[in-house]
Amino acid sequence: MSPTIAVLALQGAFIEHEQRLQSLGCTTIELRQAADLARPFDGLVLPGGESTVQAKLLHDLGMFEPLRQRIAEGLPTLGTCAGLILLADHFRTLPVTVRRNAYGRQLDSFRTESKVAGIGCVPMTFIRAPYVESVRPGAEVLATVDGNA
């Protein structure tokens with residue numbers, strides 16, 4: 001049976017995440033309101049977008065604390081771009097310090113490839129992307145770009 005992955009669908013690049021997960025054989029559900037949290041899911045994706053807006057919407061919709069608690073209890077979670085910031089700065093469930101917009105403005109966007117531990121070479125796109133400035137116990141760096149995690 002394929003895993004069911006919930007994708008936060010309040011704002012940002014959630015459709016792209018859903019499409020990729022589905023191409024890998026996963027079932028996806030969208031989290032748009034607190035009632036969606038009652039549906040069973042095996043993992044969570046927090047997509048890119050605007051982390052401040054996403055955090056505000058999560059609070060306004062009563063979804064913030066239930067999601068934070070599930071992540072803290074071990075729900076497998078992937079955060080990309082704004083999702084990384086949500087995990088580190090808002091939920092405080094990822095023991096890292098994140099530097100927002102670390103790669104510059106939108107005009108400074110770029111594509112590259114990097115080796116990811118256990119996977120191999122992976123294409124990566126950086127659009128006003130954050131990077132991890134420091135890692136505390138409980139987090140493991142799987143890839144770096146230009147010396148940044």
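In this structure, the side chains of L31 and V7 stay at 4.5 Å or more apart for every pair of heavy atoms. The shortest side-chain heavy-atom distance between V132 and L84 falls under the 4.5 Å cut-off. Considering only heavy atoms from C-beta on, T144 stays 4.5 Å or farther from D146 through its side chain. Under the 4.5 Å side-chain criterion, counting only non-hydrogen atoms from C-beta, P130 is in contact with C81. In this structure, the side chains of P3 and C26 come closer than 4.5 Å at one or more pairs of heavy atoms. Between H17 and T80, some side-chain heavy-atom pair lies under the 4.5 Å cut-off. Between R136 and T97 the shortest side-chain heavy-atom distance falls below 4.5 Å.
To the nearest 0.5 Å, the span separating CZ on R99 from CD1 on I85 amounts to 12.0 Å. Distance check: I127 CD1 to T125 OG1 gives 6.5 Å after rounding to the nearest 0.5 Å. Note: L57 CG to L10 CG = 5.5 Å, rounded to the nearest 0.5 Å. Taken to the nearest 0.5 Å, the CD1 atom of I119 stands 7.5 Å off from the CG atom of L142. I5 CD1 to R20 CZ: the interatomic distance, rounded to the nearest 0.5 Å, is 13.5 Å.
If you chain together hydrophobic residues whose side chains sit under 4.5 Å apart, M124 and L78 never meet in one group. L21 and I71 are members of different hydrophobic clusters when ILVMFWY side chains are connected at heavy-atom separations under 4.5 Å. No path of Ile, Leu, Val, Met, Phe, Trp and Tyr side chains, each step under 4.5 Å between heavy atoms, connects V145 with V141, placing them in separate hydrophobic clusters. V116 and L94 are members of different hydrophobic clusters when ILVMFWY side chains are connected at heavy-atom separations under 4.5 Å.
For the pair S2 and G25, the tightest heavy-atom approach, listed with the atom from each and the gap, is CB-O, 2.8 Å. Nearest heavy atom pair, residue A9 against residue E30, reads CB-CB, 3.7 Å. Pairing each heavy atom of Q106 with each of S109, the nearest pair is O-OG, 2.6 Å.
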Starting from the C-alpha separation in whole Å, work towards a yes-or-no answer on side-chain contact (heavy atoms from CB on, under 4.5 Å) for Q54 and L86.
CA-CA 8 Å; Q54 290 177 3; L86 281 173; 3.1 Å; yes
Could you please spell out the steps behind the side-chain contact (heavy atoms from CB on, under 4.5 Å) verdict for M63 and L8?
CA-CA 10 Å; M63 298 171 69; L8 184 64; 4.3 Å; yes
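Around atom CZ of R100, more than 12 heavy atoms belonging to other residues, nucleotides or ligands sit under 6.0 Å away. Applying the 6.0 Å contact sphere to CZ of R111 captures no more than 12 heavy atoms from other residues, nucleotides or ligands.
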For residues 34-50, please give each side-chain donor-acceptor pair under 3.5 Å, one per line with the distance, not counting sequence neighbours.
residue: D36; atom: OD2; partner: R32; partner atom: N; Å: 2.7
residue: D36; atom: OD2; partner: Q33; partner atom: N; Å: 3.0
residue: D42; atom: OD2; partner: T4; partner atom: N; Å: 2.8
residue: E50; atom: OE2; partner: T52; partner atom: N; Å: 3.1
residue: E50; atom: OE2; partner: T52; partner atom: OG1; Å: 3.2

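With sequence neighbours excluded, the residues satisfying ring pair (Phe, Tyr, Trp, His ring centres under 6.0 Å) with Y103 are F110, F126, Y131. Partners of F64 according to the ring pair (Phe, Tyr, Trp, His ring centres under 6.0 Å) rule, which considers only residues two or more places apart in sequence or in another chain, are H59, F91. Judged as a salt bridge (Lys or Arg N to Asp or Glu O under 4.0 Å), and not counting sequence neighbours, K115 has no contacts. With sequence neighbours excluded, the residues that form a salt bridge (Lys or Arg N to Asp or Glu O under 4.0 Å) with E65 are R68.
Looking at T28 and E18, their side chains never bring a donor and an acceptor atom within 3.5 Å of each other.
Under a 4.5 Å side-chain heavy-atom criterion applied to ILVMFWY residues, the cluster that includes M1 comprises that residue alone.
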